[in-house]
Amino acid sequence: MTILVAGATGNAGAQVVHELLALGQRVRAITRNAATARLPAGVEVVEADLTRPETIPFEGVTAAHLLASAGDDYAELLTGPDLLRRAEKAGVRRITLVWNGYRSPMEEAVTAGPLEWTVLRPGDFMSNSLAWAESVRREGVVREPFAYARSALVHEGDIGAVAAAVLVRGGHGGRTYALTGPEALSVPEQVATISAAIGREIRYVEQSEAEARDEMLRAGRPAEFADVLLGWKRDMPAEGYTVVPSVEEVLGRPARSFASWAREHADAFR
Ligand SMILES: NC(=O)c1ccc[n+]([C@@H]2O[C@H](COP(=O)([O-])OP(=O)(O)OC[C@H]3O[C@@H](n4cnc5c(N)ncnc54)[C@H](OP(=O)(O)O)[C@@H]3O)[C@@H](O)[C@H]2O)c1
């Protein structure tokens, strides 16, 4: 069977692809730009855009991994009903959907739709910490606001492994899984963990919210995106910091820790 993966060039989607290949599945990855997409050998790469459902190659696909947001500004996808109609018509039976932090129109469409659906609600990805790599390499510093806030960071490899298990094995229809790592950590604790992994001191400097916002705007992030992200971090909902056992329940092994993520990615910070 062929499994379609949206977001296959992204942090979590790349892991979905990796895990599906490890399970011996045929993978069709969609991207808006096949020329820049670097996907593993054996993956069928098709140019398509979730905002234009007619471009999504559902033919011959039995299960699909979809996103709730699209575009470089992570705007919410409003094409859900059309996407699901086309998927059903093509014979797709199973869908996994990665949420974008709230119950989005895409999540409404998937959970109201006719296909066997599973919604994955990951908290902050551990890979978000890669945004600190440059300032750690150059100055040995991490600048972030909200030192008090703890987040139950999830390893993106665990998101991929859960999505692949659900898509291939089934048995999770109609379920919504929050996905977290094994512990909730503050930014200073994350910084100390990376510091231990690279064997070098890293200084944490607490930014004001305004400084963090300015930095995001200078980096080209839309104001709305910056405000949503800062709002999430400032007043994190319980889903963001509450550790849950769903990774272990689905996979039969514990969720991976931030310490192991930091060791795997140590070279990015050296
Ligand atoms: N990062 C977090 O902490 C976090 C937490 C919870 C949920 N999420 C959600 O998880 C999802 C995946 O996050 P990520 O960090 O893995 O993403 P990412 O690395 O930023 O990559 C975004 C992916 O979305 C694809 N994409 C964007 N617009 C598209 C469109 N119009 N049509 C088809 N594909 C499109 C991109 O593909 P191409 O560029 O190749 O077209 C890329 O593969 C996002 O929707 C995000 O909102 C993230």
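Indexing begins at 1, ligand by ligand and atom by atom, following the structure's order. In this chain, residues are counted from 1 in sequence order.
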Close-contact set for ligand 1 against [X] heavy atoms, below 4.0 Å:
{"X": "Tyr74", "value": "18 (P), 20 (O), 47 (O)"}
{"X": "Trp99", "value": "7 (C), 8 (N), 9 (C)"}
{"X": "Val98", "value": "10 (O)"}
{"X": "Thr31", "value": "38 (P), 40 (O), 41 (O)"}
{"X": "Ala70", "value": "28 (N), 29 (C), 30 (C), 31 (N)"}
{"X": "Pro122", "value": "6 (C)"}
{"X": "Leu50", "value": "30 (C), 31 (N), 32 (N), 33 (C)"}
{"X": "Ala12", "value": "16 (O)"}

Point to revise | ligand 1 versus Asp49: contacting region, heavy-atom distance under 4.0 Å | key: both
Review point. Which part of Leu67 is near ligand 1, with near meaning a heavy atom under 4.0 Å away: side chain, backbone, both or neither?
Key: side chain
Any salt bridge linking [X] with [Y]? Criterion: basic side-chain nitrogen under 4.0 Å from a carboxylate oxygen.
{"X": "Glu209", "Y": "Arg213", "result": "no"}
{"X": "Asp82", "Y": "Arg86", "result": "yes"}
{"X": "Arg121", "Y": "Glu107", "result": "yes"}

Point to revise | Contact check, Gly71 vs ligand 1, heavy-atom distance below 4.0 Å | key: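 A heavy atom of Gly71 does come that close to ligand 1.
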Point to revise | Proximity flag Ala68 to ligand 1, non-hydrogen atoms under 4.0 Å | key: no
Can you tell which of [options] gets a heavy atom nearest to [atom]?
{"atom": "atom 37 (O) of ligand 1", "options": "Thr51, Val5, Thr9", "value": "Thr9"}
{"atom": "atom 45 (O) of ligand 1", "options": "Gly240, Ser69, Ala75, Ala37", "value": "Ser69"}
{"atom": "atom 5 (C) of ligand 1", "options": "Gly123, Ala6, Gly7, Ser104", "value": "Gly123"}

Check your understanding: How about Gln190 and Tyr204: does a side-chain donor come under 3.5 Å of a side-chain acceptor?
Key -> no
Review point. Is Asn33 close to ligand 1, meaning an N/O of one under 3.5 Å from an N/O of the other?
Key: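 In fact, backbone or side chain, Asn33 has no N or O that close.
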Review point. Between Glu249 and Tyr177, does a side-chain hydrogen bond (donor to acceptor under 3.5 Å, both in side chains) hold up when you go through it step by step?
Key: CA-CA 10 Å; Glu249 284 169 2; Tyr177 292 124; over 6 Å; no
Review point. What residues, two or more places apart in sequence or in another chain, satisfy ring-ring contact (aromatic ring centres under 6.0 Å, His included) together with Phe269?
Key: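 With sequence neighbours excluded, Phe269 shows a ring-ring contact (aromatic ring centres under 6.0 Å, His included) to no residue whatsoever.
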